[in-house]
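Scroll down for the structure; my scribbles are underneath it.
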Amino acid sequence: MIKLTRLRVFVFSAFVVLLFLYYLYRRLAPPYAIYATYTQKELLASLSVIEERPTAKYVLFRQLQGAGFNNQIQEILLFHHLALLTSRVYVYQPLIWQKAPRRASLPLSAFLTGVTSTNSISSAVFDKVCPPSAVVHVSLSRENDALWPHARDVLDGPDRCVVVDDHILHWGFLASAALRPIWPTFRYYLGEHFKWSSHILQMVQRGRPTEVEPYMALHLRRGDFEDHCRGLASSQTGFTTWATLPELADTVFPPLLDTQNRSSVMEHCFPSLSRILQAIDYQASINPHITTLHVLHDGAWDHPTVYLQYYKLEAAFHSRERVLRVGGWAGGPMKVVTHSGSLPVHNGESDWAVALDVQLAVDAAVFVGNGYSSLSTDIIALRLAKKGSRTKDITLV
Ligand SMILES: *[C@@H]1O[C@H](CO)[C@@H](O)[C@H](O)[C@H]1NC(C)=O
């Protein structure tokens, strides 16, 4: 008798565990069938570009393989821009997804339709138009200031099939002043050619915190960032990419960044919750009509403490007493607060959730971000590329 009961308990438990695993699978499983369709379309579109443009010149760059989503996106957009500037077809590569526990090559068109539909082909068909015997290999590395002009010169040249062997858009270059001369044309490029895939755009439609009301977006960069920031403080590193633009200097929440001072770097790179609240208070006081806030964060099963910090902030945003105490929020406390984890992301859509977050922050009336984060700086670039954008609607903590 006893044995039979135990068996039943065992069978029942196993059933519950399987059910849970199935639920997780449904929730997290990437849309492989949809990706296969995107890949198929990429191949067909690429073949027709090759056929329609017999005299086209091509460039294939050495790209990041599996860094953060926004690091890859930023680099791909800059390379596509460089290819267009030098009248070459951009040979795009898959997005390398590397978020534990999965590493996978995903078709780029499932994310960036703008890149894959404008003067570009997939690397999968590159050797159809540029067999190894026709390829010219080049190295473009130079001092930061000379790099971009040199790359333009070489790519303006007559060789039909160019493969760039060295990785040129490295971290040091992206954080240097050499990026500034690229901004005017890159801004224009983003306005003309940046476009998410239709799947992502559908999610954006569905995911807006409010249908019509303006909202504020906050990027709470936590997770593994504290150690990273300590390293940046030791190496006296400043903001990254577009956060270094002189026109954004006024957006930095005081006291200003002093890279010689470790505490100053930590204050901007890994701001305390109270500093984040002060930045929100500042924007709320000059934008009293905004009573909705969306918080982008990197809370996940491997960074559970981020949720704790998020909930502390949320309580503060909702607190009438605190708002009265700090004064100045004419609109009162935030009435609606949403966050990355509360967005309506359906089964199989989790790969795209990060793009949804980016776009919600691009569309927000006000953005409070982190000048050390490439997610924040991608958002800033996309915001500034829009007509009617204003730097005063941005605060860098
Ligand atoms: C370094 O930065 C911290 C934080 O902003 C500030 O309190 C401190 O006074 C600064 N120290 C110096 C020597 O400037």
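Both counts, for ligands and for their atoms, begin at 1 and track the order of listing.
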(request) Quick one: look up the protein heavy atom nearest atom 11 (N) of ligand 1 and list residue, atom name and how far away it is. (result) Asn261 ND2, 2.8 Å
(message) Quick check on contacts: which atoms of ligand 1 are under 4.0 angstrom from a heavy atom of Glu267?
(response) 4 (C), 5 (O)
(request) Run the numbers for me: atoms of ligand 1, each under 4.0 Å from some heavy atom of Pro255, listed by number. (result) 5 (O)
(message) Between Ser109 and Tyr38, does the side-chain contact (heavy atoms from CB on, under 4.5 Å) criterion hold? Intermediate values first, please.
(response) CA-CA 6 Å; Ser109 56; Tyr38 273 111; 3.5 Å; yes
(request) Measure from atom 9 (O) of ligand 1 to the protein's non-hydrogen atoms and state whether any distance is below 4.0 Å. (result) no
In terms of side-chain geometry, is the basic nitrogen of [X] or [Y] positioned less than 4.0 Å from the acidic oxygen of its partner?
X      : Y      : result
Lys57  : Asp159 : no
Glu75  : Arg62  : no
Asp145 : Arg180 : no
Lys386 : Glu192 : no

(request) Return a yes/no value for Asp258: is any of its N or O atoms, backbone included, closer than 3.5 angstrom to an N or O of ligand 1? (result) no
(message) With nothing but distance in play, are any N or O atoms of Ser263 less than 3.5 Å from an N or O of ligand 1?
(response) no
